[in-house]
Undergrad: 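Have a look at this one before I ask anything.
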Amino acid sequence: MSLEARLRREVVRGSRAWHRFRGPAPVGPPEPPACPANQRIGPPDFVGVGAQKAGTSWWNALIEAHPDVYRHGGQPKELHFFDVLWDRPWSAADATRYARYFPRPTGSLTGEWTPGYMIDFWAPGLIARAAPAARILVLLRDPLDRFRSGLTHTDDATAAVLSHRDAAGAFWRGLYAQQLRRVYDSTPREQVLVLQYEACREDPARELARTFAFLGLRSVDLPPATFAREVNPTTGRKVELTPGLRSALQDGYAIDLEQLRTLVPELDLARWPTAAAAGLV
Amino acid sequence: MTSRSGVTETARRYVGGAAILARSLRSGKGRAPEPGKDQVAPPVPSGWTVAPPDFVGVGTARSGTTWWDSLIHAHPDIARAEGVPKEVHFFDRFWRGECTEADVTAYHAYFARPADALAGEWTPGYMLDAWTPPLLRRAAPDAKLLVLLRDPVERFRSGRTLAENRLAVGASPRAAANAGFQRGIYADQLLRLWASFAREQVLVLQFERCVREPVAELRRTFAFLGLDPEPAGAIDVAAVVNESRGPKVDLSLEQRTTLVARYAPENRRVADLLGDDLDLDLWAMPR
């Protein structure tokens with residue numbers, strides 16, 4: 001037996017032993033918490049659905065800085081509840097179970113923000129079934145900036161492992177029009193707020209006031225230092241784009257942004273260099 | 001002394017073996033070779049000449065492209081040198097690194113042909129990758145492009161059975177489902193293609209029509225390639241090629257309903273772009 005084959009066998013054996021030791025990986029979010037006394041459970045009041053690498057952790061933390069917004073201790077910002085619901089049938093029990101993740105005291109709002117929901121073509125329809133009254137939050141960012149943030153690596157070794165499939169995946173995650181079409185097909189427009197990361201950066205107080213109003217929260221002024229707090233910053237190194245790739249991505253995104261301009265007229269595309277380069281503003 | 005050098009030797013071999021293993025895992029299935037690791041064409045048969053491809057199929061996976069490619073190659077005036085695959089996958093790796101003039105020349109080397117014959121390839125992923133159409137225009141500006149589109153729901157199901165399961169080894173069911181779904185959003189892919197190639201340089205065929213009227217559609221394909229369409233009548237169009245292997249995976253009713261609903265607006269966009277070239281009645285649409 002060749003050395004390579006022997007090594008391969010040892011690696012396979014080792015990883016099998018490891019998996020026997022660890023048991024099967026849990027699928028989906030952990031068990032829902034027990035509902036504390038004098039709280040009630042119910043479907044979330046808001047669900048953030050996108051986009052990855054667009055500042056959603058930062059924005060979610062600002063929403064939670066509102067005194068009337070509550071997140072149950074230990075519960076993650078991203079529940080990933082719908083991730084596994086493509087391969088198994090949906091039942092009414094799933095809706096009940098989803099609601100159990102959201103205990104809240106009287107008078108408080110609660111929710112979650114899983115940026116991958118907008119990518120998962122089956123998720124918007126299921127969210128509408130599990131939480132029909134929930135407000136849907138979408139935070140978008142210049143697609144080329146999002147692409148670069150989404151395709152980071154930690155060192156040269158991990159950079160070498162990135163394949164063209166990773167690049168293709170990072171590209172289509174920035175095709176927003178088709179993703180928003182699916183959101184709008186599932187939830188009435190007035191229940192969906194589409195924000196722009198660049199606008200939030202420019203004037204966080206103004207955009208947060210909009211967000212609070214949309215969620216039905218009373219207006220509060222947060223101390224300015226709150227806005228500057230970094231949450232979940234990108235730590236990896238970004239892949240350098242060759243001029244050829246940059247121009248191809250720009251042209252590819254221009255096709256999507258043209259649809260987005262019609263679909264979400266309230267977006268200010270002038271804030272996005274990729275839209276400006278395509279002459280769309 | 002002997003045993004000590006033996007231990008060193010064994011350790012050295014294991015380190016070397018680990019490097020080989022790491023390399024082979026890195027260049028495993030579904031991973032394209034990176035720039036610098038040259039893709040080399042098979043030798044040119046004597047008397048044949050090399051030129052840019054006359055035609056390149058660019059889409060789309062699990063839609064009958066292997067079948068159609070084999071029918072095209074049954075034409076007496078189309079040649080493919082021994083060892084040249086149907087899918088060259090030449091541009092996959094150029095999402096990073098520059099595609100140099102030497103790379104373009106290396107690409108042309110795949111298209112050897114005898115005098116007066118045409119040569120080409122069909123890589124169904126070219127249309128999907130945003131960086132490929134501009135590179136293809138540079139490497140083969142005069143090539144005729146072929147696209148075969150199939151009902152995206154059926155394409156998704158077929159991909160689930162074979163291709164994407166194999167290519168996405170290690171990927172979660174969620175990632176595999178999303179990747180499969182993206183391949184079926186055709187309108188954006190066509191618009192990206194048309195940004196690099198004139199529309200009259202691209203023939204878009206519908207798989208369901210090819211199944212219904214193979215001879216007529218094959219004649220249309222030959223005419224588009226500038227060939228005599230007559231041989232179409234004599235070709236065995238019913239040959240089964242590259243059928244999905246293994247047990248067929250079917251979709252649950254719920255999955256199918258979701259896919260039909262989610263693809264509907266995207267299918268309408270393709271139909272608007274293609275006019276008479278696409279018959280939406282042949283694809284599953286919501287009632």
Side-chain angles (χ1 to χ4, degrees), chain A residues 2-8 11 27 80 82-90 116 119-122 124-126 151 157 159-173 175 177-178 181-182 185-186 239-245 247-256 258-259, chain B residues 13-14 16-18 20-22 24-26 30-32 34 89 91-99 125 128-135 138 167-168 171-179 181-182 185 187-189 191-192 195-196 252-255 257-259 261-266 269:
Chain A
S2 76
L3 187 60
E4 190 186 332
R6 264 161 58 195
L7 259 169
R8 214 186 268 272
V11 167
V27 177
H80 290 278
F82 299 94
D83 291 15
V84 297
L85 288 168
W86 169 248
D87 266 341
R88 73 175 180 73
W90 170 262
I119 308 288
D120 298 341
F121 59 91
W122 61 93
L126 296 183
L151 200 65
V161 177
L162 287 176
S163 78
H164 78 287
R165 279 176 214 289
D166 299 306
F171 172 74
W172 56 252
R173 282 182 177 77
L175 299 175
Q178 45 146 305
R181 273 196 284 274
R182 299 196 287 269
D185 275 353
S186 308
V239 171
E240 281 312 311
L241 305 183
T242 60
L245 179 62
S247 106
L249 293 176
Q250 232 154 26
D251 293 349
Y253 282 134
I255 290 162
D256 178 74
E258 215 176 320
Q259 301 163 50
Chain B
R13 281 171 50 199
Y14 266 91
I20 293 169
L21 181 63
S24 76
L25 287 175
R26 209 176 277 174
R31 190 149 282 156
E34 294 299 325
H89 284 279
F91 301 99
D92 295 5
R93 61 196 164 126
F94 289 109
W95 70 274
R96 64 174 154 202
E98 292 293 346
C99 181
L128 190 69
D129 296 333
W131 58 88
T132 296
L135 293 177
R138 210 181 112 202
L167 295 173
S172 68
R174 169 180 176 251
N178 278 326
F181 183 80
Q182 278 305 315
I185 297 191
D188 291 67
Q189 298 179 45
L191 288 168
R192 292 202 292 272
S196 290
S252 70
L253 181 62
E254 190 179 353
Q255 287 176 322
T257 310
T258 302
L259 284 169
R262 292 301 169 226
Y263 273 130
E266 308 302 332
R269 292 178 59 227

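A note on names: the letters A, B, ... follow the listed sequences, proteins ahead of strands, and every chain is numbered from 1.
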Undergrad: Less than 3.5 Å apart, any donor N or O on the side chain of B:S196 or B:R138 sitting next to an acceptor on the other?
TA: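 No, B:R138 and B:S196 have no side-chain donor paired with an acceptor closer than 3.5 Å.
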Undergrad: The criterion is ring pair (Phe, Tyr, Trp, His ring centres under 6.0 Å); which residues satisfy it with A:F82, sequence neighbours excluded?
TA: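 A:Y98, A:Y117.
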Undergrad: Please classify the contact of B:L135 with chain A as side chain, backbone, both or neither, using a heavy-atom distance under 4.5 Å.
TA: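 Neither part; nothing is under 4.5 Å.
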Undergrad: Where on B:R192 is there a heavy atom nearer than 4.5 Å to chain A: the side chain, the backbone, both, or neither?
TA: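 Both parts, backbone and side chain.
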Undergrad: Given heavy-atom pairs under 4.5 angstrom as the criterion, report whether the side chain, backbone, both or neither of A:R182 touches chain B.
TA: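 For A:R182, heavy atoms of backbone and side chain both lie under 4.5 Å from chain B.
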Undergrad: Heavy-atom distance under 4.5 Å to chain B: side chain of A:E240, backbone, both or neither?
TA: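 Nothing of A:E240, per the 4.5 Å heavy-atom cut-off to chain B.
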Undergrad: Using heavy-atom distances under 4.5 Å, tell me whether B:E266 contacts chain A through its side chain, its backbone, both, or neither.
TA: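 For B:E266, side-chain heavy atoms alone lie under 4.5 Å from chain A.
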Undergrad: Relative to chain B, which of A:D120, A:L245, A:I255 shows the most heavy atom pairs under 4.5 Å?
TA: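 Sorted descending by pairs with chain B, the first entry is A:D120.
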Undergrad: Using a cut-off of under 4.5 Å for heavy-atom pairs, which of B:I185, B:L128, B:L253, B:T132 has the most such pairs with chain A?
TA: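 Option with the greatest count: B:I185.
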Undergrad: Using non-hydrogen atoms and a 4.5 Å limit, figure out which bit of B:L191 sits close to chain A: side chain, backbone, both or neither.
TA: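 Both parts, heavy atoms under 4.5 Å.
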Undergrad: As an exercise, state the distance from CH2 of B:W95 to CG of A:L162, rounded to the nearest 0.5 Å.
TA: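 So the gap between those two atoms works out to 5.0 Å.
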Undergrad: Considering residues at least two apart in sequence or located in another chain, which fulfil the ring pair (Phe, Tyr, Trp, His ring centres under 6.0 Å) criterion with A:W86?
TA: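 Per chain and number, A:W86 pairs via ring pair (Phe, Tyr, Trp, His ring centres under 6.0 Å) with A:F121, A:W122, B:F156.
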Undergrad: Which bit of A:D251 is near chain B, if near means a heavy-atom gap under 4.5 Å: side chain, backbone, both or neither?
TA: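 Neither part, no heavy atoms under 4.5 Å.
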Undergrad: Would you mind checking which part of B:S252 comes under 4.5 Å of any heavy atom in chain A, side chain (CB onward), backbone (N, CA, C, O), both or neither?
TA: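 Neither part, no heavy atoms under 4.5 Å.
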Undergrad: For B:N178, which atoms come within 4.5 Å of any heavy atom of chain A: side chain, backbone, both, or neither?
TA: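 Interface part for B:N178: both.
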Undergrad: Say you draw a straight line from CD1 of A:I119 to CZ of B:F181; how long is it, rounded to the nearest 0.5 Å?
TA: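 Output value for this atom pair is 11.0 Å.
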Undergrad: Quick one: does A:V84's side chain get under 4.5 Å of B:R174's, heavy atoms only?
TA: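 Side-chain contact under 4.5 Å: no.
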Undergrad: Among B:C99, B:P134, B:A130, who wins on heavy-atom pairs under 4.5 Å with chain A?
TA: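 Most heavy-atom pairs under 4.5 Å with chain A: B:A130.
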Undergrad: Please assess A:Q178 against A:Q259 for the test side-chain contact (heavy atoms from CB on, under 4.5 Å), listing each intermediate value before the final yes or no.
TA: CA-CA 9 Å; A:Q178 45 146 305; A:Q259 301 163 50; 5.8 Å; no
Undergrad: Is B:D188 salt-bridged to B:R269, cutoff N-O under 4.0 Å?
TA: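 Yes, B:D188 and B:R269 are salt-bridged.
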Undergrad: Which bit of A:L241 comes within less than 4.5 Å of chain B, counting heavy atoms only: side chain, backbone, both or neither?
TA: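 Answer is neither: A:L241 stays 4.5 Å or more from chain B.
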Undergrad: Once you measure the plane-to-plane angle for A:H164 and B:W131, does it fall in the parallel (<30°), tilted (30-60°) or perpendicular (>60°) bin?
TA: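 Aromatic pair A:H164/B:W131 classed perpendicular.
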